[in-house]
Amino acid sequence: MILLTTSAEESAEPYIVALRSVGIRDDEITVIGPGRRTEAGAFAARASGIVLSGGFDVDPSRYGEEVLADGKVEAIPDRDELEWSVLDAARELHLPVWGVCRGLQVINVFLGGSLWQDLPSQHATNVRHAAPEGGVPHATIAHDLRITAPDSAFGALLAPSNGTPTGVNSRHHQAVKRLGTGLRPIAVAGDDLIEAVEIDRTADADAWWLRAVQWHPENLIDLPVQRTLWDDFAAAARRRAEEKT
């Protein structure tokens with residue numbers, strides 16, 4: 001079973017479509033939101049993999065900061081509670097975890113890192129991270145990646161063999177500020193903001209499988225590089241399911 005966390009069940013559909021496209025059946029996916037946080041640990045115990053989806057901001061109190069007065073921070077503390085419980089269980093059970101956008105930020109803070117609460121006011125850049133006013137289609141490419149760990153399996157997935165930079169979509173106003181303990185940066189944007197991370201497995205090949213990206217690959221599933229990321233997670237979840245049987 002794949003456990004998918006979200007703010008509201010109606011926002012889960014793009015992630016379900018992405019999982020379905022790599023062979024995960026609908027009846028193998030369980031979606032939980034803030035209203036079911038007391039059940040998080042029990043669901044995680046039955047899961048073979050976790051997807052932390054995008055959504056609202058992480059409460060800054062989680063990383064020891066007050067909310068910026070003009071930072072447009074929108075937090076759902078109950079969702080933070082839900083995903084902290086899920087990650088506690090996932091770490092204990094060595095469940096593969098795949099984080100998307102907010103999911104990366106949650107993972108980073110869970111592991112002791114911090115966030116830029118509002119990039120426009122705290123870390124101005126000419127790289128487009130948030131959708132412009134009026135919005136754009138969710139599959140619109142916003143910027144390219146620079147792979148910082150080409151020696152890693154994750155980095156290799158993000159670096160096409162033809163040498164062309166991988167382009168990604170982007171719609172976030174927060175990002176990694178201080179990297180969480182044990183995380184390895186895999187890719188950055190042109191302004192050096194971290195775009196992809198994983199648990200550093202260079203010292204221990206059997207370490208917890210955890211990867212996350214700051215963009216939205218569920219909207220780019222038609223692109224081979226982006227689909228490969230979902231394939232990779234699905235394979236890790238299947239391996240874990242086999243180990244549990």
Side-chain angles (χ1 to χ4, degrees), residues 18 50-54 58 63 87 91 96-120 122-130 139-221 223-233 235-236:
I50 309 291
V51 178
L52 305 181
S53 74
V58 178
Y63 46 96
L87 284 171
R91 179 164 57 183
V97 175
W98 174 227
V100 173
C101 197
R102 169 192 157 92
L104 181 149
Q105 296 163 11
V106 167
I107 287 165
N108 187 61
V109 177
F110 177 80
L111 293 173
S114 66
L115 305 176
W116 296 109
Q117 290 188 42
D118 183 58
L119 291 173
Q122 291 186 295
H123 193 76
T125 175
N126 60 1
V127 175
R128 183 169 71 77
H129 292 291
T140 300
I141 299 300
H143 62 77
D144 291 339
L145 298 178
R146 176 168 60 84
I147 310 305
T148 56
D151 60 315
S152 74
F154 192 14
L157 291 179
L158 292 170
S161 58
N162 63 9
T164 302
T166 296
V168 298
N169 55 1
S170 194
R171 50 182 192 274
H172 62 101
H173 80 113
Q174 300 195 325
V176 172
K177 183 179 181 182
R178 182 183 68 252
L179 194 63
T181 302
L183 289 176
R184 182 186 191 190
I186 300 300
V188 297
D191 55 3
D192 289 332
L193 276 178
I194 292 174
E195 291 280 332
V197 299
E198 69 175 353
I199 286 285
D200 190 349
R201 306 175 83 195
T202 55
D204 180 4
D206 295 322
W208 186 25
W209 193 104
L210 181 151
R211 294 177 178 175
V213 297
Q214 186 58 80
W215 65 93
H216 284 270
E218 75 279 8
N219 301 135
L220 303 173
I221 198 69
L223 300 178
V225 171
Q226 307 295 334
R227 182 188 176 91
T228 296
L229 302 179
W230 292 94
D231 268 322
D232 192 50
F233 166 71

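What's counted below: heavy atoms across the whole structure, side chains too, no hydrogens, waters or symmetry copies.
The salt bridge (charged side-chain N to carboxylate O under 4.0 Å, His left out) search around D118 returns none, not counting sequence neighbours. R128 meets the salt bridge (charged side-chain N to carboxylate O under 4.0 Å, His left out) test with no other residue; sequence neighbours excluded. Residues forming a ring-ring contact (aromatic ring centres under 6.0 Å, His included) with H173 (at least two apart in sequence, or on another chain): none. Evaluation of the side-chain hydrogen bond (donor to acceptor under 3.5 Å, both in side chains) rule for N126 yields no partner, not counting sequence neighbours. With sequence neighbours excluded, the residues satisfying salt bridge (charged side-chain N to carboxylate O under 4.0 Å, His left out) with R146 are D192. Taking the side chain to side chain contact (heavy atoms under 4.5 Å, CB included) definition, one finds that N169 meets it with R171, W215, H216, N219, L220, sequence neighbours left out.
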Run the side-chain contact (heavy atoms from CB on, under 4.5 Å) test on V100 and L52 for me, step by step, so that the C-alpha distance in whole Å, both residues' side-chain angles and the decisive distance to 0.1 Å come before the verdict.
CA-CA 6 Å; V100 173; L52 305 181; over 6 Å; no
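Counting heavy atoms from C-beta on, the side chains of F233 and V51 come closer than 4.5 Å. Side chains of L157 and R211 form a contact here, defined as non-hydrogen atoms less than 4.5 Å apart. Residues P217 and V213 have side chains in contact (heavy-atom distance under 4.5 Å, counting atoms from C-beta outward). For the pair L158/L229, a side-chain contact is recorded, criterion being any heavy-atom separation below 4.5 Å from C-beta on. A 4.5 Å side-chain heavy-atom check between W116 and Q174 finds every atom pair outside the cut-off. No side-chain heavy atom of W98 sits less than 4.5 Å from a side-chain heavy atom of L210.
The heavy-atom pair separating A212 from I107 by the smallest distance is CB-CD1, 3.9 Å. Across every non-hydrogen atom of S152 and I186, the tightest pair is OG-CD1, 3.6 Å. L193 and V176 get closest at one heavy-atom pair: CD2-O, 4.2 Å. A189 and V127 get closest at one heavy-atom pair: CB-CG1, 4.3 Å. Considering all non-hydrogen atoms of both residues, S53 and R102 come closest at O-CB, 3.8 Å. Of all heavy-atom pairs spanning E195 and V168, the tightest one is OE1-CG2, 4.4 Å.
Checking side-chain atoms of T148 against main-chain N and O of P185 turns up a donor-acceptor pair under 3.5 Å. Formation of a donor-acceptor pair under 3.5 Å by the N108 side chain with backbone atoms of G180 is found in this model. S114 places a side-chain N or O within donor-acceptor distance of the main-chain N or O of R178, the cut-off being under 3.5 Å.
With no hydrogens or angles considered, a side-chain donor-acceptor pair links D191 and H129 at under 3.5 Å. A donor atom on one side chain and an acceptor atom on the other are found under 3.5 Å apart for Q214 and Q105.
The structure places OG1 of T181 at 8.0 Å from CG of L183, a figure rounded to the nearest 0.5 Å. To the nearest 0.5 Å, atom CD1 of residue I50 and atom CZ of residue R91 are 13.5 Å apart.
In this structure, D232 does not pair ionically with R227, as no charged nitrogen and carboxylate oxygen lie closer than 4.0 Å.
With L111 as the partner, the side-chain contact (heavy atoms from CB on, under 4.5 Å) test is satisfied by one option alone out of V106, I199, L179, V197: I199.
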